[in-house]
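Whatever order the structure lists ligands and atoms in, that order sets their numbers, starting from 1.
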Amino acid sequence: MKILVGNWKMNTTPEEGISLLEKISNLLTNEVVGDVRVVVAPPSLHLIPSVEKLWENPEIAVAAQNCHHKDSGAFTGEISPEMLLNSEVDAVILGHSERREYFKETDDLVALKVKAALKHHLIPIVCVGEKLEQRKSGTFLNDTWTQLKIALSDLSPEGLADVVVAYEPVWAIGTGEVASPDQAQEMHAFLRGKLKETFGTGELPILYGGSCKPSNADDIFAQPDVDGGLIGGASLNADDFLLLVEKLRKS
Ligand code: PGA
């Protein structure tokens with residue numbers, strides 16, 4: 001399955017967000033989309049208006065950028081997976097490196113969130129990826145697999161079938177420095193092999209993320225184990241995002 005996710009991060013006012021979504025939705029014809037599953041992940045405040053806006057265009061799914069692992073309770077500032085489900089949100093990005101870095105999310109916490117998301121029928125988009133020092137020291141393959149193995153621990157084969165993985169090397173996120181197509185393919189093939197070995201299936205979509213944009217996407221999307229992209233900066237521009245959808249469709 002080919003998937004393109006736009007991660008807007010903490011960008012756009014509600015008005016700007018809806019106008020961006022309107023632009024994407026208007027330009028996204030059946031012809032452009034083809035077999036690509038298109039997902040947008042706006043800031044939490046825009047989730048409900050985005051879902052409502054997209055009633056006219058069910059081709060686009062909506063994802064949250066994070067959620068808590070409990071259903072409800074005294075967790076000021078948090079949003080529960082149950083709330084997302086009830087708001088008709090389809091998916092949730094979990095374990096993004098910015099959550100890990102700035103909000104101290106651990107592998108174990110990400111695992112709890114993945115389980116909670118699946119329990120509420122949300123598709124978890126599980127982010128993993130190495131830091132620059134891990135790439136330099138040569139431990140990046142196993143370090144990234146460890147993150148993923150913990151995030152998916154205790155999942156049943158049925159649970160695993162609904163998971164989307166995003167490989168995002170931390171050194172490539174928002175830096176303009178993109179992994180080379182070979183680097184992306186090496187990691188994706190490695191993770192797929194490990195998934196197969198450990199869970200008996202490697203058939204999960206594995207997306208690449210990190211400074212992916214129209215000028216570098218062709219070679220990345222052409223890699224056999226790259227099933228799509230998790231796009232930050234370039235997803236804030238409707239034309240670029242649409243171009244990426246087209247490139248993925250043609251890959
Ligand atoms: P970027 O972000 O495309 O701006 O590098 C990707 C991401 O963090 O998901």
Side-chain angles (χ1 to χ4, degrees), residues 2-12 16-17 20 24 36-44 46-47 50 60-67 89-105 110 113-114 117 123-132 134-135 140 144 147-148 151 163-181 183-184 187-188 191 204-221 223 226-248 251:
K2 294 177 180 179
I3 304 176
L4 196 77
V5 184
N7 175 12
W8 297 1
K9 308 193 181 184
M10 197 176 71
N11 293 300
T12 70
E16 288 164 351
L20 173 59
I24 293 171
V36 176
R37 194 78 183 103
V38 179
V39 184
V40 290
S44 309
H46 314 357
L47 285 171
S50 299
I60 305 175
V62 175
Q65 297 175 14
N66 178 38
C67 70
V89 170
D90 306 286
V92 56
I93 298 173
L94 295 174
H96 190 283
S97 65
E98 286 151 15
R99 301 284 328 160
R100 294 175 189 263
E101 170 85 14
Y102 304 130
F103 304 97
K104 308 296 169 226
E105 290 196 6
V110 176
K113 292 183 178 206
V114 171
I123 294 174
I125 302 166
V126 183
C127 303
V128 292
E130 82 282 3
K131 294 184 177 164
L132 187 59
Q134 292 167 303
R135 176 145 292 260
F140 57 97
T144 303
Q147 282 184 319
L148 187 57
V163 171
V164 174
V165 175
Y167 166 55
E168 298 205 306
V170 178
W171 48 270
I173 296 178
T175 57
E177 194 171 334
V178 65
S180 72
Q183 286 172 327
M187 180 63 82
H188 285 225
L191 294 179
L204 279 63
I206 307 180
L207 318 182
Y208 170 79
S211 299
C212 185
K213 47 183 183 275
S215 57
N216 58 32
D218 283 325
D219 292 342
I220 292 176
F221 292 163
Q223 300 306 309
V226 175
D227 302 306
L230 177 51
I231 314 298
S235 72
L236 293 169
N237 178 302
D239 295 324
D240 282 354
F241 190 61
L242 267 290
L243 255 177
L244 288 167
V245 174
E246 280 200 296
K247 285 176 182 293
L248 182 58
S251 69

Tell me: protein heavy atom nearest atom 9 (O) of ligand 1, and distance?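 For atom 9 (O) of ligand 1, the nearest protein heavy atom comes out as E168 OE2, 2.7 Å.
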Name the closest protein heavy atom to atom 4 (O) of ligand 1, giving the residue it belongs to and the distance to 0.1 Å.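 Checked against all protein heavy atoms, atom 4 (O) of ligand 1 sits closest to G233 N, 2.8 Å.
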Go through the structure and list residues passing side-chain hydrogen bond (donor to acceptor under 3.5 Å, both in side chains) with T144, not counting sequence neighbours.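 side-chain hydrogen bond (donor to acceptor under 3.5 Å, both in side chains) check on T144 returns nothing, list empty.
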With the threshold set at under 4.0 angstrom, would you say [X] reaches ligand 1 through any of its heavy atoms?
X: A172; value: yes
X: G210; value: yes
X: K9; value: yes
X: G209; value: no

Quick one: which of S235, G232, A166 has a heavy atom closest to atom 3 (O) of ligand 1?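 That would be G232.
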To the nearest 0.5 Å, what is the distance between CH2 (W8) and CD (E16)?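 Atom-to-atom, W8:CH2 and E16:CD are 10.0 Å apart.
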Give, for atom CD of Q223 and atom OH of Y208, the distance between the pair rounded to the nearest 0.5 Å.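 These two atoms lie 11.5 Å from each other.
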Considering all heavy atoms, the nearest A238-L20 contact: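 Closest heavy-atom pair between A238 and L20: N-CD1, 3.8 Å.
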Check K247 against P214 and note the closest heavy-atom contact, atom names and distance.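 Closest approach of K247 to P214: CE-O, 3.3 Å.
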Looking at K131, I want to see if its NZ is surrounded by more than 12 non-hydrogen atoms of other residues, nucleotides or ligands under 6.0 Å.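 12 or below, so no.
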Could you see which bit of I173 sits under 4.0 Å from ligand 1, with heavy atoms only: side chain, backbone, both or neither?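 It is both parts that get close, each with some atom under 4.0 Å.
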Residues 228-236, side-chain donor-acceptor partners within the protein, below 3.5 Å, at least two apart:
from: S235; atom 1: OG; to: I231; atom 2: O; distance (Å): 3.2
from: S235; atom 1: OG; to: G232; atom 2: O; distance (Å): 2.7

By number and element, which atoms of ligand 1 are closer than 4.0 Å to a non-hydrogen atom of H96?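 So the atoms of ligand 1 that pass are 7 (C), 8 (O), 9 (O).
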Show which atoms of ligand 1 fall inside a sub-4.0 Å distance from at least one heavy-atom site of N7.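 Counting from 1, the qualifying ligand atoms are 9 (O).
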Do W171 and E130 have a side chain donor and acceptor closer than 3.5 Å?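 Result is yes, a qualifying pair exists.
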State whether the shortest distance between N or O atoms of G174 and N or O atoms of ligand 1 falls below 3.5 angstrom.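 Yes; the residue has a nitrogen or oxygen that sits under 3.5 Å from a nitrogen or oxygen of the ligand.
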